[in-house]
Amino acid sequence: MAAWLDLVSDSTGWTLVDTGRLDELVKGMSHPNTQFPSVVYFAGNGSRIKALRALFPHNNITRRGPAGLARLHLSTRTANSQHPVLLVESSLSSVSGVGESDLCRWSSDNFRRYRILQDRSQRVPEIQQQVISQMLLPWTNLFCVFVDTHSEIRDACQLLNRRRRTVTIGSEPTTDSMRIVIVVTAAEGSELEDVPEVFHGLQSPGILNNNVTVLDLRDRCGLSPTAAFEPLRRLILNETQEIRAEQSHEGLLFSATHLNTLWTQTLRLEIGPSDATVLDCLEVARENQRLNNITTECLVEFISQASNRPSSKDEIHVFIASALLMNAYPPGMHGFHPDHVFNTLYRGHCLEAWRKMGDNDEKQHCNAVFAQFTRFFHSMSPIRSSASIRRDALNTYYLQCNGLTSTTTCFYCLCRSPEHMLACRHAICDTCVVIFGTPNKSAEYHFDIMKCPLCHKTSQLTIRQLPPTKRPLVLSLDGGGVRGIIQLGLLRALEKRLGDKMRIPDIFDLSGGTSVGALNEIDIILNGSSAEDSFRKFPAFARDVFQLAPAPSQKFSIFRCAKWIKCVAGFLADGQYDGIKLESTLKEAIDPERRMFDVSTTRTAGSRVAIITSRISDGKACVLANYRGVGQRPIDSAYQFLKPEEESQNPFLWEAFFQTKTLPGFGPLQDGGVRANNPLAIALKESATIWPSHGTPDLLVSVGTGLSTPGYKAQDTPLGSILQDGAVPRLIRAAMCSPSMDGEQGFFEALNYVPDRMRAHIYRLNHAIPWPLPRLDDVDRLIDLAELSYSVPDDLVRAILATGFLFFELDELPVRKQGSLYCQGSILCSSPDAGDLIKRVLLEFPGPRFQTGSGYHLGLIGNDDECRHCGYYRKKVTFTVKSLEEVISIEIANSSFRHKIGGFPKSMQKILEDQQAYACFGRADHLEVCWPPRRICYCARGTKRRVQFLEPCPERKRRRL
């Protein structure tokens with residue numbers, strides 16, 4: 001049998017080696033997701049080998065090879081059945097063969113090693129029994145111990161009396177279902193006289209609760225091996241069937257895939273001489289869903305609104321129970337008993353929710369939800385998933401949901417904050433977008449919501465999501481008053497370089513803007529205007545907002561004096577500009593009914609927008625956003641994220657700018673330019689909160705609002721004037737030049753806190769002007785600023801083309817070949833206009849190719865990899881790496897330039913985790929477990945692909961030779 005586990009020692013101590021044998025056997029099964037193996041463990045003296053050869057003659061039990069600590073094989077006869085048998089074999093105390101796995105040099109790359117915390121005085125047999133009791137016995141169904149002598153019985157008792165690792169389902173420990181069979185065989189010089197003495201030696205506190213069977217085969221020693229071990233064969237068959245029935249009843253019958261995952265997690269736990277640690281199977285199963293757990297606040301939000309509607313209590317219980325079921329049992333999840341799941345994950349939240357609602361019958365409500373949860377669980381089947389049960393519940397409840405709205409809870413799942421608003425004013429999270437939406441037929445990771453799953457009203461919304469193996473692109477826009485036209489000029493130049501079909505909302509995943517930068521991002525990203533249109537509209541808007549004081553050329557008059565007095569009075573009272581005029585101007589520029597967290601008007605939703613404001617009380621920066629994010633923001637953060645607790649606190653867009661404004665639930669706010677005129681640092685932090693598992697951004701572009709030409713010297717002013725050189729003017733100048741107010745200084749200060757490896761991915765766009773910077777309200781300079789020639793660097797254009805839409809995914813698990821890992825994958829495109837993107841790449845990178853960071857050629861870039869009918873782009877590439885942990889990069893390169901594509905540098909192990917290749921217990925978004933992933937073009941989704949012949953068909957068929 002092949003070595004599975006082994007013990008090796010060095011100067012630092014002992015190490016447990018896993019050769020990956022179980023993983024190899026599981027992958028070799030015909031249907032590992034629906035096969036439920038039994039683990040039969042043969043331990044003890046040499047008679048175990050004779051029994052294995054007799055009971056499993058089709059397995060090469062005695063094949064030569066390293067022995068190690070324990071060996072593992074799959075019964076050939078049961079390999080393709082629903083209940084295959086995994087055979088484990090080892091001695092109890094002999095050290096013969098331990099350490100021999102080091103002889104397998106050819107496969108050592110697949111080995112996993114785990115340190116063992118042992119007492120220096122421990123002998124090797126003690127460490128051996130420690131590993132068996134903590135690693136193997138918790139997953140063993142039938143433990144067959146072969147003994148001939150009293151010393152062997154003593155070793156067996158010592159092993160069975162050890163404290164084994166506790167396996168739990170949440171807070172509930174599992175029933176110890178391991179059966180023990182003591183097989184007594186005849187051996188030369190055996191000291192055993194009768195069976196009762198053997199059985200009496202096993203009556204120890206550690207095994208009283210186990211079903212122990214003593215099988216005396218000494219009188220069958222003269223028979224053939226097959227006949228001699230026939231009673232053992234019948235006993236194994238009966239015991240395994242009974243164990244499977246018990247495990248199935250208790251929800252503990254794991255599939256081969258799930259068992260392999262649980263075993264791998266067991267190895268990661270600490271192995272030491274102290275009490276064995278606990279393995280929570282439910283926690284392991286939900287490891288990939290830690291950011292999708294139910295919260296009490298979500299339940300309170302729903303119950304408070306539903307209680308005010310004409311809904312019965314039963315309807316509320318059904319609505320909640322179906323949501324919890326969808327959260328607990330995605331496709332691929334093990335069928336844990338509903339009692340364990342509900343009590344561990346949901347009962348405490350349900351009790352607390354109704355307690356916060358002031359309902360004294362919280363236990364009654366909780367039990368009613370649990371009853372519905374159990375009923376739904378038993379109605380699940382391979383053709384009726386938890387998501388379909390949830391859809392049926394929404395269809396039943398939709399008449400009562402027309403008035404339910406929330407900006408803090410996704411009512412489709414009741415466990416996450418919403419990220420997108422539908423036309424019916426029901427907000428939905430990114431996970432539910434995948435569950436209830438359909439893949440868009442024009443781009444990767446785009447999903448269509450044709451109608452609201454809750455109220456069934458037409459939606460027709462396309463939502464763009466960040467591919468899992470890619471990192472976000474972030475845009476930061478400074479404040480600067482009338483100089484905002486410089487910012488728009490730079491963005492217009494960027495859009496022109498990228499082509500007519502590539503707009504700012506399609507490029508950047510997150511944008512953060514302060515003051516006029518926030519106005520620009522709202523017009524471009526939320527309103528869907530092109531940078532050209534925003535540039536054209538800006539002068540008229542700026543004149544309406546800022547030209548409130550008399551021009552210097554006007555002669556003295558009573559009217560002019562009155563306007564100056566009004567301006568000064570307004571400045572002392574609240575602000576320099578007329579609030580009424582500002583409000584009316586903002587309402588003309590921005591839809592007055594449009595709220596911060598609202599329905600997208602662009603062709604695709606998904607670009608996050610953050611507006612930077614500040615509190616009047618202490619000047620602390622605050623963020624208003626059209627998203628919520630799944631990560632946690634620290635309490636002591638340098639800024640406050642303003643999250644509306646109800647729809648009435650969702651502010652109108654025009655309420656967030658310039659003038660001091662008291663928003664419902666947030667207190668008085670003011671222009672964010674007085675605190676963070678450059679929002680770069682805040683945008684970086686928010687990116688980590690929205691996509692906590694994606695790491696640092698692929699690209700960050702900070703756009704300023706102008707700076708003076710280097711070397712420009714302003715005219716000297718006479719000294720001694722209190723209006724120019726007094727304390728107050730000096731303080732004002734110092735404040736205006738501080739990083740809080742000066743966007744350029746704020747950018748360089750933010751760079752001090754950015755890791756060096758990330759600085760190469762940060763670009764600063766600004767434009768130097770050959771005269772003093774205009775004041776924030778100097779509208780007379782608008783014409784001059786608009787006539788400047790704006791441009792963007794070539795490096796930035798290439799960086800956006802490379803990282804903005806192109807990303808890599810593995811098509812299958814890497815395969816070991818000749819000492820290296822052979823990786824096969826695809827370079828994909830997330831743009832709806834992949835053809836136009838490739839054309840721009842060919843223009844900006846003449847003669848481009850894909851290559852690895854080390855220069856390995858992956859193929860030329862061209863239109864040959866694009867479907868002629870639907871535009872689907874896929875470039876198949878292959879390369880090798882030394883190990884899964886090796887960090888590599890895939891780049892676009894030619895003879896002069898090179899730039900990485902989205903998501904790199906990265907290891908293949910991280911890509912596998914991003915693609916959830918190991919999510920054998922299901923995914924929170926309910927995508928079916930499908931590995932390797934299917935790669936099909938968009939025209940194959942629901943439509944028959946049209947075949948276009950590039951050459952004329954022959955007039956008659958050719959004869960086959």
Side-chain angles (χ1 to χ4, degrees), residues 470-478 484 486-513 517 520-521 524-525 530-532 534-535 607 678-680 683-684 687 696-707 743-744 746-748 750-751 754 756-768 788-807 829-831 833 836-846 848 861 889 891-894 896-905:
K470 193 178 173 299
R471 300 188 184 109
L473 269 65
V474 179
L475 178 65
S476 172
L477 301 177
D478 294 3
I486 299 176
Q487 192 173 82
L488 291 174
L490 294 169
L491 294 177
R492 181 184 64 169
L494 180 61
E495 280 192 348
K496 287 183 177 180
R497 284 291 304 274
L498 293 174
D500 297 334
K501 294 184 179 181
M502 210 171 298
R503 299 286 182 85
I504 298 297
D506 301 325
I507 300 170
F508 295 98
D509 303 289
L510 168 66
S511 65
N520 289 337
E521 71 175 342
I524 292 176
I525 296 178
S530 65
E532 176 70 37
S534 295
F535 183 85
S607 185
N678 185 314
L680 172 64
L684 279 172
S687 173
T696 57
D698 269 331
L699 187 69
L700 195 149
V701 181
S702 175
V703 187
T705 55
L707 71 162
E744 198 71 13
F747 172 77
F748 291 111
L751 286 183
V754 173
D756 294 338
R757 58 181 173 80
M758 186 182 170
R759 294 189 181 186
H761 310 317
I762 299 179
Y763 289 82
R764 176 66 173 173
L765 288 182
N766 214 341
H767 190 85
L788 293 176
S789 178
Y790 298 100
S791 62
V792 293
D794 296 339
D795 289 347
L796 174 60
V797 176
R798 299 189 187 102
I800 291 177
L801 291 174
T803 63
F805 304 97
L806 297 174
F807 60 98
C829 180
S830 61
S831 171
D833 303 303
D836 186 70
L837 174 71
I838 297 302
K839 291 179 182 178
R840 302 304 302 183
V841 170
L842 294 174
L843 181 63
E844 297 292 340
F845 291 85
I861 301 177
S889 181
E891 305 171 338
I892 295 179
N894 60 11
S896 304
F897 314 106
R898 57 190 298 178
H899 201 285
K900 66 180 184 64
I901 65 172
F904 287 98

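Minimum heavy-atom separation, Pro472 to Asp509: CA-OD2, 3.3 Å. Considering every non-hydrogen atom in both His899 and Ala802, the closest pair reads ND1-CB, 3.9 Å. The two residues Phe807 and Phe805 have their closest heavy-atom pair at CD2-O, 3.4 Å. Across all non-hydrogen atoms, the minimal contact from Arg471 to Pro697 is CB-C, 4.1 Å. Residue Gly804 comes nearest to Lys470 through the heavy atom pair O-CE, 3.1 Å, listed as atom of the first residue, atom of the second, then distance. Of all heavy-atom pairs between Pro679 and Gly512, the closest is CG-O, 3.3 Å.
At least one donor-acceptor pair closer than 3.5 Å links the side chain of Ser607 to the backbone N or O of Phe508. Looking only at distances, no side-chain donor or acceptor of Arg497 sits under 3.5 Å from a matching main-chain atom of Asp794. Not a single donor-acceptor pair under 3.5 Å links the side chain of Glu844 to the backbone N or O of Arg798. The closest donor-acceptor contact from the side chain of Glu495 to the backbone of Ile504 lies under 3.5 Å.
Taking the side chain as every heavy atom from C-beta outward, Ile838 and Ile861 approach each other to under 4.5 Å. Between Leu491 and Phe535 there is no side-chain heavy-atom pair separated by less than 4.5 Å. At a threshold of 4.5 Å between non-hydrogen side-chain atoms, the residues Glu521 and Leu475 do not count as touching.
One finds the OG atom of Ser511 at 3.0 Å from the CD1 atom of Ile525 (value rounded to the nearest 0.5 Å). The line from CD1 of Ile524 to CZ of Arg503 is 10.0 Å long, rounded to the nearest 0.5 Å. The CZ atom of Arg764 lies 4.5 Å from the CD atom of Glu744; values are rounded to the nearest 0.5 Å. Once rounded to the nearest 0.5 Å, the distance linking NE2 of His767 with OH of Tyr790 reads 5.5 Å. Here the CZ atom belonging to Arg898 is positioned 8.0 Å from the OG atom belonging to Ser889, to the nearest 0.5 angstrom. Atoms NZ and CG, from Lys900 and Leu806 in turn, are 11.5 Å apart once rounded to the nearest 0.5 Å.
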Could you walk me through whether His761 and Thr803 pass the side chain to side chain contact (heavy atoms under 4.5 Å, CB included) check?
CA-CA 10 Å; His761 310 317; Thr803 63; over 6 Å; no

Begin from the C-alpha positions of Ile507 and Met502 and carry the test side chain to side chain contact (heavy atoms under 4.5 Å, CB included) through to its verdict.
CA-CA 7 Å; Ile507 300 170; Met502 210 171 298; 4.0 Å; yes

Stepwise side chain to side chain contact (heavy atoms under 4.5 Å, CB included) test for Ile892 and Ile901:
CA-CA 7 Å; Ile892 295 179; Ile901 65 172; 3.9 Å; yes

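Exactly one of Asp698, Leu699, Val792 qualifies for a side-chain contact (heavy atoms from CB on, under 4.5 Å) with Ile800. That residue is Leu699. With Asp478 as reference, Asn678 is the one residue of Asn766, Asn520, Thr705, Asn678 to meet the side chain to side chain donor-acceptor pair (under 3.5 Å) rule.
Under a cut-off of 6.0 angstrom, the local environment of CZ in Arg757 is sparse, with at most 12 non-hydrogen atoms contributed by other residues, nucleotides or ligands.
Salt bridge Lys839/Asp836: absent, no basic N to carboxylate O contact under 4.0 Å.
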